[in-house]
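Working notes, beginning with the structure itself.
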Amino acid sequence: MASPSSTRLDLDGNPIKPLTICMIGAGGFIGSHLCEKLMSETSHKVLALDVYSDKIKHLLEPESLPWNGRIHFHRLNIKNDSRLEGLIKMADLVINLAAICTPADYNTRPLDTIYSNFIDALPVVKYCSETNKRLIHFSTCEVYGKTIGSFLPKDSPLRQDPAYYLLKEDESPCIFGPIEKQRWSYACAKQLIERLVYAEGAENGLEFTIVRPFNWIGPRMDFIPGIDGPSEGVPRVLACFSNNLLRGEPLKLVDGGESQRTFVYIKDAIEAVLLMIENPARANGHIFNVGNPNNEVTVRQLAEMMTKVYSKVSGDQPPETPTIDVSSKEFYGEGYDDSDKRIPDMTIINKQLGWNPKTSLFDLLESTLTYQHRTYAEAIKKVIAQPNTS
């Protein structure tokens with residue numbers, strides 16, 4: 001681990017100057033890992049903005065830690081807090097991670113989803129543009145929507161041609177479903193804020209970088225329903241499957257689990273973000289896919305792998321019926337739709353920042369499920385053991 005006090009160089013050999021970073025959404029999954037990285041390996045200061053601080057409390061509480069004084073938590077909701085503009089003015093760089101980003105919300109809470117991902121982000125972009133602050137804005141791989149190949153006949157050999165499914169930042173179209181499929185409320189809001197950021201760069205000189213994460217996975221992702229999140233909550237696929245495994249239940253495969261996804265380890269992805277932070281000359285004006293095309297599986301294959309890995313790390317026998325199929329309507333409600341494949345092209349980030357992911361899918365699942373078992377297994381057992389009073 002590099003010492004924060006030693007002189008660190010950017011990719012062009014220039015000394016990296018300490019920055020003050022205003023991180024909006026610092027208390028979430030990605031924010032907590034990014035804060036850890038910035039504290040342990042750099043000299044940058046962080047103004048950490050969020051409603052919750054549970055995932056970064058280990059960075060905030062002990063005054064004896066070497067980074068004491070370099071991270072300051074500000075409990076605020078960017079929807080309606082007048083402090084936001086002043087905190088942005090104090091910073092050299094703004095990183096916006098704030099979002100509603102769980103698929104279960106997209107078609108059951110479309111208004112909240114649109115407001116959170118577009119309307120609430122508007123002041124952040126505006127303040128950055130007006131005060132000449134650099135912005136790293138987190139978007140999503142969902143802005144790509146459906147692949148061109150998904151509209152071809154099922155038996156078409158062109159479906160296997162990367163030209164019809166590989167997602168490129170500067171070439172691929174953004175193809176969404178019909179308006180009544182409110183699952184696309186998230187992707188559409190995220191695409192529109194991307195277009196606004198890009199337009200601010202073109203018209204007003206905003207220095208920006210846009211990040212499109214492709215399923216970043218690791219410890220502290222989402223929540224486990226009934227333990228550190230609402231009992232009726234539906235987190236993203238990895239946490240959903242983890243919850244099933246912890247409870248010894250079959251993993252629910254939506255519409256057969258045929259969708260294909262890629263997964264990248266959070267620590268690999270954070271390396272990419274640090275390169276963006278510290279190499280503005282290479283990152284400004286770019287949109288970056290950040291994913292691992294080598295870790296491609298169907299959701300069904302992911303379920304099978306997770307069942308095996310969890311059995312290894314926990315010592316528990318897998319359930320007799322490891323998976324069950326459910327319809328998307330039953331699982332997510334009316335208005336759900338999905339993208340068939342999400343495979344990132346990595347050309348631009350490799351060329352600009354020299355970044356490539358390192359961690360295999362098996363290794364990232366082993367690390368994540370070890371954390372999940374260690375963190376939640378006992379709490380789940382206590383919940384299960386409680387008599388049902390209803």
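The chain is numbered in sequence order, starting from 1.
For the pair Ser53/Ile56, a side-chain contact is recorded, criterion being any heavy-atom separation below 4.5 Å from C-beta on. Looking at heavy atoms from C-beta onward, Ile30 lies in side-chain contact with Ile270 at the 4.5 angstrom threshold. With a 4.5 Å cut-off on side-chain heavy atoms, Leu59 and Trp67 count as touching. Inter-residue side-chain proximity for Phe176 and Cys188 is flagged as met; some heavy-atom pair is nearer than 4.5 Å. At least one side-chain heavy atom of Met39 sits less than 4.5 Å from a side-chain heavy atom of Ile71. Between Asn117 and Ile193, every side-chain heavy-atom pair lies at or beyond the 4.5 Å cut-off. The shortest distance between side-chain heavy atoms of Leu38 and Leu274 falls below 4.5 Å. The shortest distance between side-chain heavy atoms of Ile78 and Leu76 falls below 4.5 Å.
In the displayed structure, Phe118 atom CZ is contacted under 6.0 Å by more than 12 heavy atoms of other residues, nucleotides or ligands. With a 6.0 Å radius and a threshold of 12 heavy atoms from other residues, nucleotides or ligands, Lys17 has its NZ atom at or below the threshold. Residue Arg75 places its CZ atom among more than 12 non-hydrogen atoms of other residues, nucleotides or ligands, all under 6.0 Å distant. In Leu9, the CG atom is crowded: over 12 heavy atoms of neighbouring residues, nucleotides or ligands sit closer than 6.0 Å. The neighbour count for Tyr52 OH, taken as heavy atoms of other residues, nucleotides or ligands under 6.0 Å away, does not exceed 12. By the 6.0 Å contact criterion, NZ on Lys133 is enclosed, its count of non-hydrogen atoms from other residues, nucleotides or ligands being greater than 12.
In summary, Lys55 and Asp50 do not engage in a salt bridge, as defined by a charged side-chain N under 4.0 Å from a carboxylate O. Using a 4.0 Å cut-off between a side-chain N of Lys or Arg and a carboxylate O of Asp or Glu, Lys37 and Glu41 qualify as a salt bridge. The residues Lys79 and Asp120 are annotated as salt-bridged, a charged nitrogen and a carboxylate oxygen being separated by less than 4.0 angstrom. Between Lys89 and Glu85 there is a salt bridge, since a side-chain N of the basic residue sits under 4.0 Å from a carboxylate O of the acidic one. Taking the charged nitrogens against the carboxylate oxygens, Arg342 and Glu296 have no contact shorter than 4.0 Å, which rules out a salt bridge. The existence of a salt bridge linking Lys126 and Glu130 is confirmed by a sub-4.0 Å separation between a basic side-chain nitrogen and an acidic carboxylate oxygen. A salt bridge links Arg212 to Glu194: one of the charged nitrogens lies within less than 4.0 Å of a carboxylate oxygen.
In this structure, Pro219 and Phe29 approach most closely via the heavy-atom pair O-CE1, 3.2 Å. Considering all non-hydrogen atoms of both residues, Gly69 and His72 come closest at O-NE2, 3.0 Å.
At least one donor-acceptor pair under 3.5 Å links the side chain of Thr307 to the backbone N or O of Ala303. Checked by atom type and distance alone, the side chain of Asn204 never pairs as donor or acceptor with a backbone atom of Leu206 at under 3.5 Å. In terms of modelled atom types and a separation under 3.5 Å, the side chain of Lys252 and the main chain of Phe241 share no donor-acceptor contact. Between the side chain of His44 and the main chain of Leu19, a donor-acceptor pair closer than 3.5 Å is present. Listed for the Trp216 side chain is no donor-acceptor partner under 3.5 Å among the backbone atoms of Gly291. A donor-acceptor pair under 3.5 Å is formed between the side chain of Asp10 and the backbone N or O of Asp12. When atom types are taken as modelled, the side chain of Asp316 and the backbone of Ser311 share no donor-acceptor pair closer than 3.5 angstrom. A donor-acceptor contact shorter than 3.5 Å is absent between the side chain of Asn350 and the backbone of Met346. Judged purely by atom type and a 3.5 angstrom limit, Asn292 has no side-chain atom pairing as donor or acceptor with the backbone of Phe263. Here the side chain of Thr368 pairs no donor or acceptor atom with the backbone of Leu365 at under 3.5 angstrom.
Residues Tyr310 and His373 place their aromatic rings such that the two centres sit under 6.0 Å apart.
To the nearest 0.5 Å, atoms SG (Cys22) and NE2 (His74) are separated by 8.0 Å. The distance from the CH2 atom of Trp184 to the CD1 atom of Ile114 is 14.0 Å, given to the nearest 0.5 Å. Note that the CG atom of Asp268 and the CH2 atom of Trp355 stand 6.0 Å from one another [nearest 0.5 Å]. Distance check: Glu304 CD to Gln301 CD gives 7.0 Å after rounding to the nearest 0.5 Å. Here the CG-CD1 distance, from Asp112 to Ile119, works out to 12.0 Å after rounding to the nearest 0.5 Å.
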- Task: Take Phe214 and Tyr144, measure what side-chain contact (heavy atoms from CB on, under 4.5 Å) needs, and give me the verdict at the end.
- Result: CA-CA 11 Å; Phe214 280 71; Tyr144 291 110; 3.6 Å; yes
- Step by step, would you call Thr262 with Asn295 a side-chain hydrogen bond (donor to acceptor under 3.5 Å, both in side chains)? CA-CA 5 Å; Thr262 58; Asn295 287 346; over 6 Å; no
- Message: As a quick check of understanding, evaluate side-chain hydrogen bond (donor to acceptor under 3.5 Å, both in side chains) for Thr147 and Tyr164, giving each step before the final call.
- Response: CA-CA 7 Å; Thr147 64; Tyr164 290 85; over 6 Å; no
- Message: What verdict does the side-chain hydrogen bond (donor to acceptor under 3.5 Å, both in side chains) test give for His286 and Glu169, after you've listed the backbone C-alpha separation in whole Å, the side-chain angles of each residue and the deciding distance to 0.1 Å?
- Response: CA-CA 9 Å; His286 285 285; Glu169 301 97 323; over 6 Å; no
- Derivation and outcome, side-chain hydrogen bond (donor to acceptor under 3.5 Å, both in side chains), residues Gln260 and Thr298: CA-CA 4 Å; Gln260 288 173 278; Thr298 65; over 6 Å; no
- Task: For the pair Arg183 and Glu142, evaluate salt bridge (Lys or Arg N to Asp or Glu O under 4.0 Å) and give the outcome as yes or no after the intermediate values.
- Result: CA-CA 10 Å; Arg183 187 251 197 277; Glu142 293 217 13; 2.6 Å; yes
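Across Val197, Ile88, Asn284, Ile95, a single residue satisfies side chain to side chain contact (heavy atoms under 4.5 Å, CB included) together with Leu135, and that is Val197. Checking Leu93, Leu97, Ile136 one by one against Met23, the side chain to side chain contact (heavy atoms under 4.5 Å, CB included) holds for a single residue, Leu97.
With sequence neighbours left out, Arg300 forms a side-chain hydrogen bond (donor to acceptor under 3.5 Å, both in side chains) with Asp325. Partners of Ala283 under the side chain to side chain contact (heavy atoms under 4.5 Å, CB included) rule, at least two apart in sequence or in another chain, are Arg134, Thr209, Met276, Phe288.
Grouping the Ile, Leu, Val, Met, Phe, Trp and Tyr side chains by contacts below 4.5 angstrom, directly or via other members, places Ile24 apart from Val211. Ile348 and Leu167 fall into different hydrophobic clusters, defined by Ile, Leu, Val, Met, Phe, Trp and Tyr side-chain heavy atoms under 4.5 Å apart, directly or through other members. Val143 and Val125 are members of different hydrophobic clusters when ILVMFWY side chains are connected at heavy-atom separations under 4.5 Å. The hydrophobic cluster containing Val124 does not contain Ile277, counting ILVMFWY residues as joined when their side-chain heavy atoms lie under 4.5 angstrom apart, directly or transitively. Under a hydrophobic clustering in which Ile, Leu, Val, Met, Phe, Trp and Tyr are joined whenever their side-chain heavy atoms come within less than 4.5 Å, directly or via other members, Leu158 and Ile343 fall into different clusters.
Ring orientation note: the planes of Tyr371 and Tyr376 are nearly perpendicular, at an angle over 60° on the 30°/60° scale.
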